[in-house]
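In what follows, chains carry the letters A, B, and so on, assigned in the order in which the sequence lines appear, proteins first and then strands, with residues in each chain numbered from 1.
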Amino acid sequence: MPELPEVETARKVLEHALDREICSVDDNDEWVCRPHPPGEIARALVGGRLTAAHRRGKTMWCETVDRDGAEGPTLGVHLGMGGRVIVTNDEGERVGGGPERPDRRPRKPEWDRFTVDFADGGRFRLFDKRRLGRIRLEPDLSGLGPDAEEISAADFRTRIARSRSAVKARLLDQSVLAGVGNLLADETLWRARINPAAPADELSRTQLDRLYRNLEQALQAAVANGGVHTGEVIEHRHAGGHCPRCGAEMRHGTVGGRSTWWCTKEQQ
DNA sequence: AACAATGTTCAGTC
DNA sequence: GGACTGAACATTGT
C-alpha cells in the first residue's frame, strides 16, 4: 500500500535500526538490489552503522558511517507496490510498530528480500512478496520533485499546470511532486471535485488552489488514520459504487496509465 | 480462468 | 523533448 503516508510510517520504523553495528547483510536478491551484484551492498555496510533515516515522497534513504566513524554510502530503500520495513530486536520482536497487520498466511522466508543483521541481535528487513521494492547504494534523488507534504501552494500550482497532460497524470508524476500514488490521487481529485482527465493547464487558479488544499487534507487524514486506504472515496472505487457525497454513480477508466474512479456528477 | 492490483523503470512509438 | 503504451517484476484476490 505504500504511498507517502505509509512510507513515512516505514521511515519511523527504520529509525529503530539506527546506531547499531551492522554485522552481516543479505543482498542476494539481484532483482531487488539491482544494479548491485550480490555482496556489493554487504561489503559497503558491514562493520558500519545506519545513522539517519530520511524520506522524500515514497523514497527513503539512510545515512551511514563505516567502522571508523567516517561517512559511508547512503542506502536507498523503496517499498515498491507492497513492501514493508520490519525491524526486530534480539528476541525477534517487532520494534517501532509499523503496520500491525497480522499475517494470515505463514510468511515465506524468501519474501525477505534484503536483511541487515546487527551485532546486538536485532535485524532490519525489507519484506516484499511482490518483489517490486528496491534497495540500492547512493540512490539518485535528482528526479524527484518536492515532497507532497512540504510543497507550497504557489510551487504546486506552477508545477502541476505546466503541462497539457491529465491533471491526475501530473499528480502521479514523481518529478512534479513526490509522494502521491494512485489511491491518494483519486481521493484528492474526488475531494476537490475535479475530473482526473482534465488537462492540467486548463485548470483555473481556484481549481488549482482547491486541489492543493484537498491534497494536504487528504494527506493529513491518511497519516492520522493509518494509510491512504482510509480515504473517504476509496471503498467506493468498485463497479456499482456510488459517490459517498452525492450518491451518483462512480465511473471507471484509465487516466495517466492507471486505474481511475471518479464521481460522474461532481467530477465532470 | 482471466484479470486487476497501492510503483517504478525501460524500451518503443507517435 | 513530451507523452503514451506495454512489459517486466511475483503474488494475491475477485
Exercise for review: May I ask you to say whether A/Arg20 pairs ionically with A/Asp120, meaning some side-chain N is under 4.0 Å from a carboxylate O?
Suggested key: yes

Review point. Under a 3.5 Å cut-off for both distances, is B/dT6 Watson-Crick or wobble paired, and to whom?
Key: none

Check your understanding: In whole Å, what is the span from the CG atom of A/Leu126 to the C1' atom of B/dG7?
Key -> 13 Å

Study note, to complete from the structure: Quick note, A/Arg113 side chain, CB onward, closest among B/dG7, C/dT11, C/dC9 is C/dT11

Review point. Within 45° of the six-membered ring axis of A/Trp190 and under 6.0 Å from that ring's centre, is NZ or CZ of A/Arg245 located there?
Key: yes

Point to revise | Nearest-angstrom distance from the residue atom CG of A/Leu172 to C1' of C/dC4 | key: 14 Å

Review point. Considering only heavy atoms and no angle criterion, is a donor-acceptor pair shorter than 3.5 Å present between the side chain of A/Arg130 and the base of C/dA10?
Key: yes

Point to revise | A/Ser259 side chain near B/dA4 phosphate (N/O to OP1/OP2, under 4.0 Å) | key: no

Exercise for review: Please tell me which of the listed nucleotides, B/dT6, B/dA5, C/dA10, lies nearest to the side chain of A/His252?
Suggested key: B/dA5

Point to revise | Under-4.0 Å side-chain N/O to phosphate OP1/OP2 contact, A/Ser165 with C/dG2 | key: no

Exercise for review: Return the value, rounded to whole Å, for the distance between atom CG of A/Leu132 and atom C1' of C/dA7.
Suggested key: 13 Å

Check your understanding: Would you say C/dA10 has OP1 or OP2 under 4.0 Å from some side-chain N or O of A/Lys129?
Key -> no

Exercise for review: For C/dA3 versus B/dT6, give the span between their P atoms, rounded off to a whole number of Å.
Suggested key: 22 Å

Exercise for review: Taking only the side-chain nitrogens and oxygens of A/Arg34, find out if one of them lies under 4.0 Å from OP1 or OP2 of B/dT9.
Suggested key: no

Review point. Under 3.5 Å, is there a donor-acceptor pair between the side chain of A/Glu150 and the main chain of A/Asp147?
Key: no

**Study point:** Parallel, tilted or perpendicular, as decided by the 30° and 60° cut-offs, for the rings of A/His252 and A/Trp261
**Key:** tilted

Study note, to complete from the structure: Separation of C/dT5 atom C1' from A/Arg258 atom CZ, nearest Å, is 14 Å

Check your understanding: So, is A/Arg237 near the phosphate of B/dT6, with a side-chain N or O under 4.0 Å from OP1 or OP2?
Key -> yes

Point to revise | Whole-Å distance separating the CZ atom of A/Arg131 from the P atom of C/dA7 | key: 21 Å

Practice item. Go ahead and name the base partner of B/dA1; Watson-Crick or wobble counts if both distances stay under 3.5 Å, otherwise write none. Key: none

Review point. Which value, in whole Å, describes the distance between the C1' atoms of nucleotides B/dA4 and C/dG6?
Key: 15 Å

Exercise for review: Ignoring backbone atoms, establish whether A/Trp111 has a side-chain N or O less than 4.0 Å from OP1 or OP2 of C/dT11.
Suggested key: yes

Check your understanding: Between A/Asp29 and A/Arg131, is there a side-chain N and carboxylate O pair less than 4.0 Å apart?
Key -> yes

Review point. Would you say a side-chain N or O of A/His229 is under 4.0 Å from OP1 or OP2 of B/dT6?
Key: no

Review point. Distance between the C1' atoms of C/dC9 and B/dA1, in whole angstroms?
Key: 22 Å

**Study point:** Carboxylate-amine/guanidinium contact A/Arg237 A/Asp186, below 4.0 Å
**Key:** yes

Review point. Atom CE of A/Met81 and atom P of C/dT11: how far apart are they, to the nearest Å?
Key: 14 Å

Review point. To the nearest angstrom, how far is A/Leu177 atom CG from B/dG7 atom P?
Key: 13 Å

Exercise for review: Measure the distance from CZ on A/Arg134 to P on C/dA8 and round it to the nearest whole Å.
Suggested key: 18 Å

